[in-house]
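Since the structure comes first, as structure tokens, the remarks are kept for the end.
Numbering of residues begins at 1 and proceeds along the displayed sequence.
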Amino acid sequence: QVQLVESGGGLVQVGDSLRLSCAASGRIFSTDTMGWFRQAPGKEREFVAAIKWNGVRTSYADSVKGRFTFSRDNAKNTVYLQMNSLKPEDTALYYCAADRTEFASSISVRAGSYDYWGQGTQVTVSS
């Protein structure tokens, strides 16, 4: 059974940092593009960041560029999202996702391109 389990969310103040983790199991994820998406109440799910299977290339939404860093440890089947300088508009439920296309040459920012999803971890930034 394929599982993605997010952790690390919480309630923080403006300017604080959080590191989200996503542990994958049930298949080999080292060949997959991994992504983070988020959804705020009343809004559609939006792309946050993605990382290529080998960790060489990343892609970020303009709203988080320069503040968030996506990394992966394939030996641990885990990806991380380091979030710095958090803002109230970062408040959302954050989802980890995997694109099962092995060794994909490009990164997709579309939610529909991802095949596996976690349950999400809540991030709340208080002003």
Task: Under 3.5 Å: donor-acceptor pair, side chain of T91, backbone of V125 - done: yes
Task: side-chain contact (heavy atoms from CB on, under 4.5 Å) evaluation trace for L86 with L18 - done: CA-CA 8 Å; L86 283 162; L18 278 175; 4.1 Å; yes
TODO: Grab the two heavy atoms, one from R72 and one from V79, that are nearest each other, plus how far apart they are.
DONE: CB-CG1, 3.6 Å
TODO: Consider only side-chain heavy atoms of I, L, V, M, F, W and Y, link residues closer than 4.5 Å, and tell whether V48 and Y80 are in one cluster.
DONE: no
Open item on the list: Let me confirm one number: the OG-CG distance from S63 to D90, rounded to the nearest 0.5 Å.
Closed with: 7.0 Å
Open item on the list: Test your reading of the model: is there a side-chain donor-acceptor pair from E102 to the backbone of D32, 3.5 Å cut-off?
Closed with: no
Open item on the list: Keeping R57 on the side-chain end and W53 on the backbone end, is there a donor-acceptor pair under 3.5 Å?
Closed with: no
Task: Verdict with reasoning, F29 to V2, per side-chain contact (heavy atoms from CB on, under 4.5 Å) - done: CA-CA 10 Å; F29 284 87; V2 175; 3.6 Å; yes
TODO: Would you mind listing the cluster partners of F47? Hydrophobic ones only (ILVMFWY), side-chain contacts under 4.5 Å, chaining allowed.
DONE: F37, L93, Y95, I107, V109, Y114, W117
Open item on the list: Tell me if the CD atom of Q119 is crowded by more than 12 foreign heavy atoms within 6.0 Å.
Closed with: no
Task: R38 and K43, any side-chain heavy atoms less than 4.5 Å apart - done: no
Open item on the list: Within a 6.0 Å radius of atom CD on E89, are there more than 12 heavy atoms belonging to other residues, nucleotides or ligands?
Closed with: yes
- [ ] Quick one: pull up CG in L81 and CD in E6 and give me the separation to the nearest 0.5 Å.
- [x] 11.0 Å
Open item on the list: Using 0.5 Å steps for rounding, measure from the OG atom of S126 to the CD atom of Q13.
Closed with: 4.5 Å
Open item on the list: Within the structure provided, determine whether V64 and F70 are in side-chain contact (heavy-atom separation under 4.5 Å).
Closed with: no
Task: Residues clustered with V5, ILVMFWY side-chain links under 4.5 angstrom - done: none
- [ ] Please report the shortest heavy-atom distance between S30 and N77, naming the atom on each side.
- [x] N-OD1, 4.1 Å
Task: Nearest heavy atoms of W36 and L20, plus distance in Å - done: CH2-CB, 3.7 Å
Task: Over all atoms of both residues, closest heavy-atom pair of C96 and M34 - done: SG-CE, 3.8 Å
Open item on the list: Donor-acceptor pair, distance only, cut-off 3.5 Å: does the side chain of D115 make one with the backbone of R100?
Closed with: yes
TODO: Determine whether the side chains of S17 and N84 contain a donor N or O and an acceptor N or O closer than 3.5 Å.
DONE: yes
- [ ] To the nearest 0.5 angstrom, please state how far the OG atom of S25 sits from the CG atom of L4.
- [x] 7.5 Å
Task: Interatomic distance, Q39 atom CD to Q122 atom CD [nearest 0.5 angstrom] - done: 11.0 Å
Open item on the list: To the nearest 0.5 Å, what is the distance between CG on D99 and OG on S106?
Closed with: 8.5 Å
Task: side-chain contact (heavy atoms from CB on, under 4.5 Å) between S108 and T33, worked out - done: CA-CA 8 Å; S108 176; T33 297; over 6 Å; no
TODO: Output all residues satisfying side chain to side chain contact (heavy atoms under 4.5 Å, CB included) with K65, sequence neighbours left out; order by chain, then residue number.
DONE: Y60, D62
Task: Within-4.5 Å side-chain heavy-atom neighbours: M83 and V123 - done: yes
TODO: Without swapping roles, check the side chain of T121 against the backbone of G9 for a donor-acceptor pair under 3.5 Å.
DONE: yes
